[in-house]
Enquirer: 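What follows is a single structure, and I will ask about it in a moment.
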2 protein chains.
Amino acid sequence: MRNPVHPPHLDDFDRKILAILQRDNMTPQRTIGDAVNLSAPAVQRRIKRMREEGVIRADVSVVEPDAVGQSITIFVEVEVISETAEQIEQAKREFTAAAEIQQCYYVTGEADFILVIIVPSMADYEALTRRLFFGNNNVKRFRTFVAMDRVKVGLGVPVG
Amino acid sequence: MRNPVHPPHLDDFDRKILAILQRDNMTPQRTIGDAVNLSAPAVQRRIKRMREEGVIRADVSVVEPDAVGQSITIFVEVEVISETAEQIEQAKREFTAAAEIQQCYYVTGEADFILVIIVPSMADYEALTRRLFFGNNNVKRFRTFVAMDRVKVGLGVPVG
DNA sequence: TGCTCCAATGAAACAAAATTGCAAATGAAC
DNA sequence: GTTCATTTGCAATTTTGTTTCATTGGAGCA
């Protein structure tokens, strides 16, 4: 079976294009072309290829939670009891399925998973903890951090 | 003359549009219009308004770090010594300024800041720790978690 | 009720951008 | 030097975004 992520053959053009798209993916291809010294169609073909290869994972609007009403950003460190491959995969599936969980990472260190959660209220978070953590007998402990200030929010990947 | 600053007022149309844009902001306005029962111009006006009001903070491509070459995602909990307003603001400025720091949150709990960092290599992370943590006498301790798997990555905000 | 005012809408016209077709340029292998 | 595969730029085409404008549907009020 092929690795889902293809061997990346990104040249300087691709990297420059990515740098622009990570800042503003509504930039016209013509403008990008001017910036990287390429024609608009050439830019378009490269973007299309990078989407197909999975280099570009998604194209999204970033929404300000405060503007959408009540919303709380929460970090959770989760430590599991059994770290067998099967148990870990199961946990990944459960965390991925939860709509409130925006980001889920499997990590080394004093925890096994780190979750970034956005919920409308603390009551929602409590309900989530009951469902995901207390209701999961493979969770040894979890530690909660509530964000008072989203100082910086980005998903940009250094490309240069 | 209209007041230039409106309190963010989102109706069901806006919320449905946001839900779509958070999933794929390249969706044509006509398609969005069909989905929410609105004409393309109406959709376009609402999107424009939400951008101006800051409800939509940015429009970006999400890049797969693994595809761009070496890249390591790291979480750091930072605890500071002095939590005066001035010291906190200073820390926020420093963390915001660091290009490697993708996300920075000021949190309650057993840490004061949580950082999400993406660097090309561990050597880069070590250099960063020397600069930001060891070189900052207000940092009491920091705890590092290295991501082995970016299970789920999103910045979506629940709007329903 | 009947009236104006105002904000928001949709249809159509219009402008801009994305996409495609194609010939030429580039470069690597032989 | 020839061939083959890739990538490019230009121009034509299609799709999408944006503006215009007349209309609709209230809210407030005499």
Side-chain angles (χ1 to χ4, degrees), chain A residues 2-64 67-69 156 159-160, chain B residues 1-64 67-69 155-156 159-160:
Chain A
R2 207 81 179 103
N3 193 308
V5 176
H6 292 231
H9 62 299
L10 300 180
D11 59 19
D12 281 343
F13 285 130
D14 293 323
R15 272 184 275 272
K16 285 180 185 172
I17 292 170
L18 284 181
I20 293 171
L21 292 182
Q22 284 190 93
R23 205 164 44 78
D24 178 9
N25 75 343
M26 312 269 284
T27 310
Q29 296 170 354
R30 163 72 194 285
T31 306
I32 299 174
D34 290 345
V36 306
N37 260 343
L38 227 49
S39 69
V43 171
Q44 124 87 6
R45 287 174 200 121
R46 283 167 180 272
I47 294 176
K48 184 185 176 190
R49 174 176 53 78
M50 289 193 284
R51 283 197 221 288
E52 291 168 351
E53 290 176 349
V55 176
I56 296 175
R57 201 161 164 168
D59 291 90
V60 301
S61 293
V62 179
V63 171
E64 174 58 48
V68 183
V159 290
Chain B
M1 181 65 76
R2 213 167 327 183
N3 192 322
V5 177
H6 288 283
H9 152 270
L10 303 180
D11 60 17
D12 282 342
F13 286 129
D14 293 323
R15 273 184 273 271
K16 285 180 186 172
I17 292 170
L18 284 181
I20 294 171
L21 292 181
Q22 286 190 92
R23 208 163 39 78
D24 177 11
N25 75 345
M26 311 272 284
T27 310
Q29 295 171 353
R30 284 172 172 78
T31 306
I32 299 174
D34 290 344
V36 305
N37 260 342
L38 226 50
S39 69
V43 171
Q44 126 92 6
R45 285 187 284 258
R46 284 166 181 272
I47 294 176
K48 185 185 176 192
R49 174 175 53 78
M50 289 192 285
R51 282 196 222 288
E52 291 168 351
E53 290 176 349
V55 176
I56 296 176
R57 200 160 160 168
D59 291 271
V60 302
S61 293
V62 179
V63 171
E64 174 58 49
V68 183
L155 284 175
V159 290

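In what follows, chains carry the letters A, B, and so on, assigned in the order in which the sequence lines appear, proteins first and then strands, with residues in each chain numbered from 1. Not measured: the values here are computed from a predicted model.
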Enquirer: Rounded to whole angstroms, how far apart are CD1 on A:I32 and P on C:dT19?
Expert: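 Answer to the nearest Å: 11 Å.
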Enquirer: Rounded to whole Å, please give me the gap between CG in A:L21 and C1' in C:dA18.
Expert: 14 Å
Enquirer: So do B:M50 and A:V63 actually touch side chain to side chain, heavy atoms under 4.5 Å?
Expert: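 A:V63 does not reach B:M50 side chain to side chain.
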Enquirer: Just call it for B:P41: base, sugar-phosphate, or nothing, with non-hydrogen atoms closer than 4.0 Å on any strand.
Expert: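 Base contact.
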Enquirer: Any chance you could lay out the side chain to side chain contact (heavy atoms under 4.5 Å, CB included) test for B:E53 and A:E64, step after step, and finish with the verdict?
Expert: CA-CA 10 Å; B:E53 290 176 349; A:E64 174 58 48; over 6 Å; no
Enquirer: Find the distance A:D11:CG to C:dG27:P and express it as a whole number of Å.
Expert: 13 Å
Enquirer: Which part of the nucleic acid, if any, lies within reach of B:R46 when heavy atoms closer than 4.0 Å are counted: base, sugar-phosphate only, or nothing?
Expert: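 Result for B:R46 = sugar-phosphate.
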Enquirer: NZ of A:K48 versus P of C:dA17: gap in Å, rounded?
Expert: 21 Å
Enquirer: Starting at CZ of B:R30 and ending at P of C:dA13, how long is that distance when rounded to a whole Å?
Expert: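 B:R30 atom CZ is separated from C:dA13 atom P by 13 Å.
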Enquirer: Please determine whether a side-chain nitrogen or oxygen atom of A:Q29 lies at a distance below 4.0 Å from atom OP1 or OP2 of C:dT19.
Expert: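 Yes.
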Enquirer: Rounded to whole Å, how long is the line connecting atom CD1 of A:I17 with atom P of C:dA18?
Expert: 12 Å
Enquirer: Spell out yes or no: do the side chain of A:R45 and the base of D:dG9 have one donor N/O and one acceptor N/O closer than 3.5 Å?
Expert: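 Indeed, a donor on one side and an acceptor on the other fall under 3.5 Å apart.
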Enquirer: State plainly whether the residues A:D34 and A:R30 are in salt-bridge range, i.e. N to O under 4.0 Å.
Expert: yes
Enquirer: Rounded to the nearest angstrom, tell me the gap between atom CG in A:L38 and atom C1' in D:dT6.
Expert: 14 Å
Enquirer: Between P on D:dG9 and CZ on A:F13, what's the gap in Å once rounded to a whole number?
Expert: 8 Å
Enquirer: Hey, is the side chain of B:Q44 poking within less than 4.0 Å of OP1 or OP2 on D:dT18, counting only N and O atoms?
Expert: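 So the side chain of B:Q44 is within the cut-off, an N or O lying under 4.0 Å from OP1 or OP2 of D:dT18.
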